[in-house]
Amino acid sequence: IRAPQLPYKPPRPKKYRPNIGMIGCGGIAATHLEAYRKARYRVVALVDLERSKAEALRDKFYPRAEVYDSAEQLLARDDIDVVDITPHPEERISLITAAIQAGKHILSQKPFVTDLAVGRKLVAAAKRKGVRLAVNQNGRWAAHVSYARQAIAAGLLGEINNVDLSVHWDHNVFAGTPFDQVHHLMLFDFGIHWFDMVHCYLGGQKPKSVFASTCHTVSQRSIPPLSAHAVVEFPRAQASLLFRGDSVYASQDRTVIVGTKGTLISVGPNINEPQLSLYTRQGVARPKLTTRWFPDGFDGAMSELITAIEEDRDPCHSAADNLKSLSLCFAALKSADTGKPVKV
């Protein structure tokens, strides 16, 4: 049957085009800037502890942007309305705090925080200052994820009974990098995207508990365990997450969402090339998805923030909302360390 037309592509503000400043020009920053340039957003300033990194990204993406030696210099500019803060969580808290005090709207890299209490304080501080604080959960705008979110919101699947997410890929490419020092690389730094998906798909139910485990594989080259899984219990549903980061010779990304009115299945060789099928009583629909996680997911994260600012509302990926995703993730980390189910 014909696939339902759903608004899965990144939103667009009607008129608001703020000046954007980027703090942190590490590896992922190039993908941010690629997405912003494609969306024709204005990035006017960049800063990094290694000035040469900021200069290289400026020259490649925004030649007219200013490069600064400190975040304080960037935040002092009155004409910058939105800041994209990309460093790791431990370095990011003070930067977010300073940006809030400077009255800037903020897109924080994920994972947002390593402590829920710290996250709540930042959320409260942003609310007091009247600025929007969002988290770059760019996976929400991966084509299959966004289409699934819209299908659920439209009631096409009914009440969700089960969510099964599995991803097989080669994460050894990060061996020898700072990511080797992330204790729960799979469940935390990488897995937060999938815990966030579970929250999006089953957000109508309050989660009960999480059981998780990790394993070092025989052939992995990275230090943290590259194999992990988690099961999240809800009152009327269950979600399973499977991460296989040592799949060297083949890759696959698979999503199965089962509801009372329909089932959505997405299967692809990776997160960028999903083949999606929507099964309902009316038949099978296979929408042709034209966006990709990289870079369109990063476009979606910034575009939703800018649109929310224009419409004077909280963005769907607000920091307050992201704390719910993190609560699932942190329960999984504790479960993996203790070997026991953990209450969310």
Side-chain angles (χ1 to χ4, degrees), residues 24 26-32 86-90 92 108-114 135-142 144-145 163-201 210-217 219-232 239-248 250-255 266 268-274 292-295 297-298 300-301 317 322 324-337:
I28 199 63
T31 305
H32 293 220
T86 71
H88 293 287
E90 294 76 10
R92 198 187 309 135
S108 165
Q109 180 64 343
K110 62 80 201 168
F112 173 42
V113 291
T114 58
V135 180
N136 197 349
Q137 291 290 171
N138 43 77
R140 292 192 181 197
W141 287 274
H144 64 294
V145 179
V163 173
D164 296 297
L165 310 174
S166 65
V167 55
H168 298 73
W169 80 108
D170 184 9
H171 216 76
N172 288 291
V173 294
F174 294 103
T177 73
F179 288 98
D180 263 348
Q181 308 308 314
V182 181
H183 175 48
H184 280 300
L185 183 60
M186 292 295 94
L187 291 175
F188 181 51
D189 187 83
F190 185 75
I192 184 57
H193 283 301
W194 278 261
F195 285 107
D196 188 63
M197 292 175 201
V198 169
H199 164 59
C200 289
Y201 300 152
V210 181
F211 176 76
S213 69
T214 62
C215 174
H216 286 86
T217 67
S219 56
Q220 73 170 73
R221 301 192 304 277
S222 294
I223 295 174
L226 291 188
S227 187
H229 77 267
V231 176
V232 185
S240 65
L241 303 88
L242 186 71
F243 305 105
R244 298 292 183 249
D246 193 27
S247 302
V248 177
S251 61
Q252 184 188 71
D253 180 77
R254 184 179 181 86
T255 297
S266 172
N270 53 57
I271 57 177
N272 260 348
E273 302 175 71
R292 299 163 64 90
W293 188 332
F294 284 70
F298 297 82
H317 58 330
N322 191 244
K324 299 175 183 178
S325 302
L326 279 173
S327 68
L328 296 177
C329 182
F330 291 162
L333 305 187
K334 185 174 181 181
S335 176
D337 287 336

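For the single chain, residues carry numbers from 1 onward in sequence order.
- Under the 4.5 Å side-chain criterion, counting only non-hydrogen atoms from C-beta, M197 is in contact with Y201.
- Between A336 and H184 the shortest heavy-atom distance is CB-CE1, 3.7 Å.
- Under the 4.5 Å side-chain criterion, counting only non-hydrogen atoms from C-beta, N322 is in contact with Q137.
- Between S247 and H168, the shortest heavy-atom contact is OG-CB, 3.5 Å.
- Applying the ring pair (Phe, Tyr, Trp, His ring centres under 6.0 Å) rule to F112 yields no partners; only residues at least two apart in sequence or on another chain are considered.
- Ring geometry, H171 versus F174: the interplanar angle falls from 30° to 60°, so the pair is classed tilted.
- For the pair V210 and F330, the minimum side-chain heavy-atom distance is 4.5 Å or more.
- Here the closest heavy-atom approach between residue H183 and residue P225 is recorded as O-CD, 3.9 Å.
- Considering all non-hydrogen atoms of both residues, A230 and A212 come closest at CB-CB, 3.9 Å.
- Listed by chain and number, the residues in a side-chain contact (heavy atoms from CB on, under 4.5 Å) with H229 are F211, S213, L242 (sequence neighbours excluded).
- Under the 4.5 Å side-chain criterion, counting only non-hydrogen atoms from C-beta, D164 is in contact with S240.
- The side-chain contact (heavy atoms from CB on, under 4.5 Å) check on I223 picks up D180, Q181, with sequence neighbours excluded.
- Looking at residues two or more places apart in sequence or on another chain, you find no ring pair (Phe, Tyr, Trp, His ring centres under 6.0 Å) involving H144.
- Every ring pair (Phe, Tyr, Trp, His ring centres under 6.0 Å) that H88 has, sequence neighbours left out, goes to F179.
- Contact between Q109 and R92 at its shortest, heavy atoms only, is O-NH1, 2.8 Å.
- Across I192 and D189, no two heavy atoms sit closer than the pair CG2-O, 3.6 Å.
- Residues meeting the ring pair (Phe, Tyr, Trp, His ring centres under 6.0 Å) test with W293, sequence neighbours left out: H193, W194.
- At a threshold of 4.5 Å between non-hydrogen side-chain atoms, the residues V167 and R254 do not count as touching.
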